[in-house]
Amino acid sequence: MEHVYDHQEIERKWQARWAEQHTFRALDPGDEGFDPSQPKVYVLDMFPYPSGEGLHVGHPIGYIGSDIFSRYMRMRGANVLHPMGFDSFGLPAEQYAVETGVHPRITTERNIANYVRQLKAIGLSYDWDREIATTDPDYYRWTQWIFLRLFGSWFDREADAARPIDELMAALEAGERDADGVSWSALDEKARRRFIDGQRLAYLDEVMVNWCPALGTVLANEEVTRDGRSDRGDHPVYRRPLRQWMLRITAYADRLIDDLALVDWPESVKAMQRNWIGRSDGARIDFPIAGSSTRIDVFTTRPDTVFGATYMVLAPEHHLVAELTAEQWPEDTREAWTGGAADPASAVERYLVEAARKSERERQAEVKQKTGVFTGSFCVNPVNDEPIPIFVADYVLMGYGTGAIMAVPGQDQRDWEFAEQFDLAIIRTVQPPSDFEGDAYLGEGPAINSDFLDGLDVEQAKASIIEWLEAEGFGGAIVSYKLRDWLFSRQRYWGEPIPILHGPDGEMRPVDDLPLLLPEVDDFRPASSDDENAEPVPSLSKAPDEWRFVEVDGVRFERELNTMPQWAGSCWYYLRFIDPRNDVRLVGEGVERYWMDPRGVDLYVGGVEHAVLHLLYARFWHKVLYDLGHVSSAEPFGRLFNQGLIMAHAYRDGRGVYVPADKVEERDGAFWYDGQQVEQSYGRMGKSKKNGVNPDEFFAKHGVDALRLYEMFMGPLGDSKPWTTRDVVGVVRFLHRLWRNLVDPDSGGLLVSDVSPDPDLAVLLHRTIKAVTADMVGLRFNTAVARLFELNNALVGLDAVPREVAEAFILLLAPIAPHICEELWERMGGEGGLAHVPWPEYDEDLAVEEMVVMIVQVDGKVRDRLEVPVDISEEDARAAALDSEKVAGHLEGEPSRVIVRPPNLVNIVSR
RNA sequence: GCGGGCGUAGCCGAACCGGCAUAGGCGCCGGACUUAGGAUCCGGUGGGUCUCAGACCCGCUGUGGGUUCGAAUCCCACCGCCCGCACCA
């Protein structure tokens, strides 16, 4: 028994050979050996952040799936680009640096080396010559370059596209455009600059941010917990305005929605993106203030209900709050409206202080209990001149619509609740059905109490009132979005420096000499404080003065000290893989067109957690680059696939402490660890739950091919499913069985001969080729593996496997379990490895049996099975079925009908 | 509340178009090999009945309806679960 399957030696041998021979190098047009007649396929994984913990077996499932597809497409002859790199800027390395003083660059390099080792151990067929890291200056040089394109562009609404800002300036100077209604020639230099800077796709603006003094940085909304504390470290987070870099993603809102029609993505991801962008069509209505030129502009999706507007609400941050706060309470002010204050100013003041103290999360947690206060002022309903009291309440958000609403309690549940609480009038303007029992009525119905709208249905009433508003100058149809511009600056060290110089007078200049390297600092600690009023201080303010200050034309400029968020590098990395060493361009034009035109990346595999942010940001950048002529496809990722998570059971003892999952035993329907009963739970695999499976141990025991097979065989690639160590033995047996079927254990010689397969085996082989081929394209690797199991089982006990069968089998399995297949292929005389050996073809005639089983049903129940020729005629099938004795026993009298579907089925209807 | 998706055996799952429900794997049962085996190999595995190497019958895809000769598949209602968003006017 010398010649058994030794996975370790085989893996070492073939992984070394792939590396040596650059087996998976992707050839570009013009490269030696490049075949322009073949189609191109760009297969991309979402590149990882190289964390210090390395990979566990749950991580690579998507990589294995995309690798199988890549290997399959190579065998199909396609030119395959399948690269890997690292999204290596980010907080953990910086945090680690704060704790240990080790420079993030060192940590990052170390972690990347470990990741590369682990990924290579899985046998993934990346073109490692194209490896990139977002922290590499040769890479982030181009991230900075793209930022400068954003800075140097504006969004032309008429063209619905970004254009270089020089073209805007030329048009202004030529008098073809004006600056928001003001003639260009009427503006001084500073005003002109302010206007231009306000038009850029990358611009500075004062916005509300999540400020965490303890961490010394602003945080993205996703980094703040529901109770208004920092996700990392659980520190308090405050809302405050701050001047920050913003990217004008909102200009692309409609294109980001519309172009989802161009891509083959999961419907759920498209839905999430649409939802995030949150387009809603409605109207703006301006409510005049009596005796003033001021108007309150509101956004509503239900302009048809305007006759039912019984009060107004401004968000606490609304710019008109101060102006509309009256000196004294009007006579008919109710007690519930005042908050118990002596005058409107103090009531509003007190309310604003409270509202500001609350985080957005806290605000949302108070959905049940509405709060608010009367300003003492009224506006006028333009449709009927009724006075309407104006309130300030934080259930209206400044960030959506206009930050002010007309409240229509009759048709809005939130307004209803507020109205009940504050004793405000409720007027229904849509007639609910007679059996309606709820509060606010949101459904269809004829308009009532609405003057000239009465009797119209909702859609007609909307159209009618919008026409009226436009005619009378009180507003009109508008569109509102939930999407906001992208807050792009961070006060962190470990990110791309923003390449801008600030001069006196607010002048900004781009840094053209890229890359702008991160300066060295002694201390990576962010400026931390427990004072909520502390000013945010970027880490780069600790850079030496030589870096911070630059003299340009005799004037002292200061460098921008904020860095970019982690999303920046991942917004365009798929482009750099195409041309990773180009030092004159982001990506060469010819190769970019070859790999990206017309649908972009052909298969993009990654986790659904990136459904919105990464994928939306990347699409935005891509569209800007497209508008400016740097890329040739409208969308970056033509086909997206989300792999499912590998889940695992975890176990906790009586104290709630996790115990090692691999040491837990099941007995009598309960789970036991070390003599005591433990409780089972289910969730993501992870170190803290002690339910992770170490890949190194797995490889040592069963091998990489077993891991790849197992993870693909568990179930559909897109589903989340539980890791069950017990089940692994199935694929291990499969591999040993395969080896035994082809290799003589005594001599090590091949059990393969040049005989033809018998007809049954030939049919099975060709059916398997057909099925596996279809599964490869559809990424249904679980069923592909099942088919290969069947074929393998059919070879058991043969004295010799027909060569034709053995070769095809190895080729079919090769993308999934490449190591054992390379070894067997070589032993069978194949030369040069099998990465580019043509995929087996099936013969449709051979995939069909001559005789098949036809089922005979009586009233839909199977009563007999008959062996019939595949090409049986309808008449013969009917006759054979009616001839069946078993059928006769279930028939009384003449059948009323006979359905014949040769050669599969005959259904006899007795009734 | 809104949006997306799912429910098949003891477990993971298969079944592109409506046509033999449960392929493949695990587990379990039996056998072989063996000093032994939780290793490996071979066979069986929805339930029931009988005259038990076989035959016959029945049931079955979360629940209840509908369409159809025929439904896991299509339609309606309900129940349960997962994911995302959520005071978005």
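Throughout, a chain's letter reflects where its sequence line sits, starting with A, and its residues are numbered from 1.
For A:Gln413 and B:rC2, the CD to P distance is 13 Å, given to the nearest whole Å. Computed from coordinates, the A:Leu613 CG to B:rC85 C1' distance equals 12 Å when rounded to whole Å. Counting to the nearest Å, the C1' atom of B:rG24 and the CG atom of A:Leu813 are 15 Å from each other. Atom CG of A:Asn275 is separated from atom C1' of B:rC85 by 5 Å (rounded to the nearest Å).
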**Fill in**
Per-nt protein contacts along nucleotides 48-65 of chain B (heavy atom under 4.0 Å; B base, S backbone sugar-phosphate only, - none) come out as --------SSSS------
**Fill in**
For nucleotides 4-16 of chain B, 5' to 3', base contacts (B), sugar-phosphate-only contacts (S) and non-contacts (-) with protein non-hydrogen atoms under 4.0 Å give S-----B-SSS--
**Per-nucleotide protein contact string for nucleotides 70-76 of chain B (B base, S sugar-phosphate only, - none; heavy atom under 4.0 Å)** = S------
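A cation-pi contact, defined as under 6.0 Å to the ring centre and within 45° of the axis, is absent between A:Lys370 and A:Phe418.
Within the 4.0 angstrom heavy-atom criterion, only backbone atoms of the sugar-phosphate kind lie near A:Phe789; the bases stay farther away.
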**Item:** CA sep, side-chain torsions, deciding dist, call: A:Tyr400, A:Ser280, side chain to side chain donor-acceptor pair (under 3.5 Å)
**Value:** CA-CA 11 Å; A:Tyr400 185 73; A:Ser280 73; 2.8 Å; yes
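Summarising the base pairing, B:rU40 is matched to B:rA32 through a Watson-Crick or G-U wobble pair whose two defining distances lie under 3.5 Å. Nucleotide B:rC6 is matched to B:rG80 when pairs are restricted to Watson-Crick or G-U wobble geometry with both distances under 3.5 angstrom. Pair assignment for B:rG1 gives B:rC85, based on Watson-Crick or G-U wobble hydrogen-bonding distances that are each under 3.5 Å. Pair assignment for B:rG46: B:rC58, on the basis of Watson-Crick or G-U wobble contacts that are both within less than 3.5 Å.
Rounded to the nearest 0.5 Å, atoms CZ (A:Arg708) and CD1 (A:Ile61) are 12.0 Å apart. Going from atom CD of A:Gln8 over to atom NE2 of A:His702 covers 11.5 Å, rounded to the nearest 0.5 Å.
Taking the salt bridge (charged side-chain N to carboxylate O under 4.0 Å, His left out) definition, one finds that A:Arg302 meets it with A:Asp304, sequence neighbours left out. Applying the side chain to side chain donor-acceptor pair (under 3.5 Å) rule to A:Asn793 yields the partners A:Arg737; only residues at least two apart in sequence or on another chain are considered. Take A:Asp286 and apply the salt bridge (charged side-chain N to carboxylate O under 4.0 Å, His left out) test, not counting sequence neighbours, and it matches A:Arg284, A:Arg295. Among residues two or more places apart in sequence or in another chain, the ring-ring contact (aromatic ring centres under 6.0 Å, His included) test is passed with A:Phe781 by none. Under the side chain to side chain donor-acceptor pair (under 3.5 Å) criterion, A:Glu844 pairs with A:Lys770, sequence neighbours left out. For the side-chain contact (heavy atoms from CB on, under 4.5 Å) test, residues two or more places apart in sequence or in another chain that qualify with A:Gln413 are A:Trp416, A:Glu417, A:Asp439, A:Ala440. With sequence neighbours excluded, the residues that form a ring-ring contact (aromatic ring centres under 6.0 Å, His included) with A:Tyr5 are A:His736, A:Trp739.
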Using nucleotides 40-43 of chain B, report all nitrogen or oxygen pairs with the protein that are shorter than 3.5 Å.
from: B:rC41; atom 1: OP1; to: A:Arg740; atom 2: NH2; distance (Å): 3.3
from: B:rC42; atom 1: OP2; to: A:Arg737; atom 2: NH2; distance (Å): 3.4

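A close approach under 4.0 Å does occur between a side-chain nitrogen or oxygen of A:Arg897 and OP1 or OP2 of B:rC69.
Scanning residues 763-771 of chain A for heavy-atom distances under 4.0 Å to RNA chain B yields an empty list.
A gap of 32 Å separates the C1' atoms of B:rG37 and B:rA23, to the nearest Å. Here the separation of B:rG27 from B:rC69, taken at their P atoms, is 46 Å to the nearest Å.
Here the side chain of A:Arg901 is nearest to one of B:rA89, B:rG19, B:rA21, namely B:rG19.
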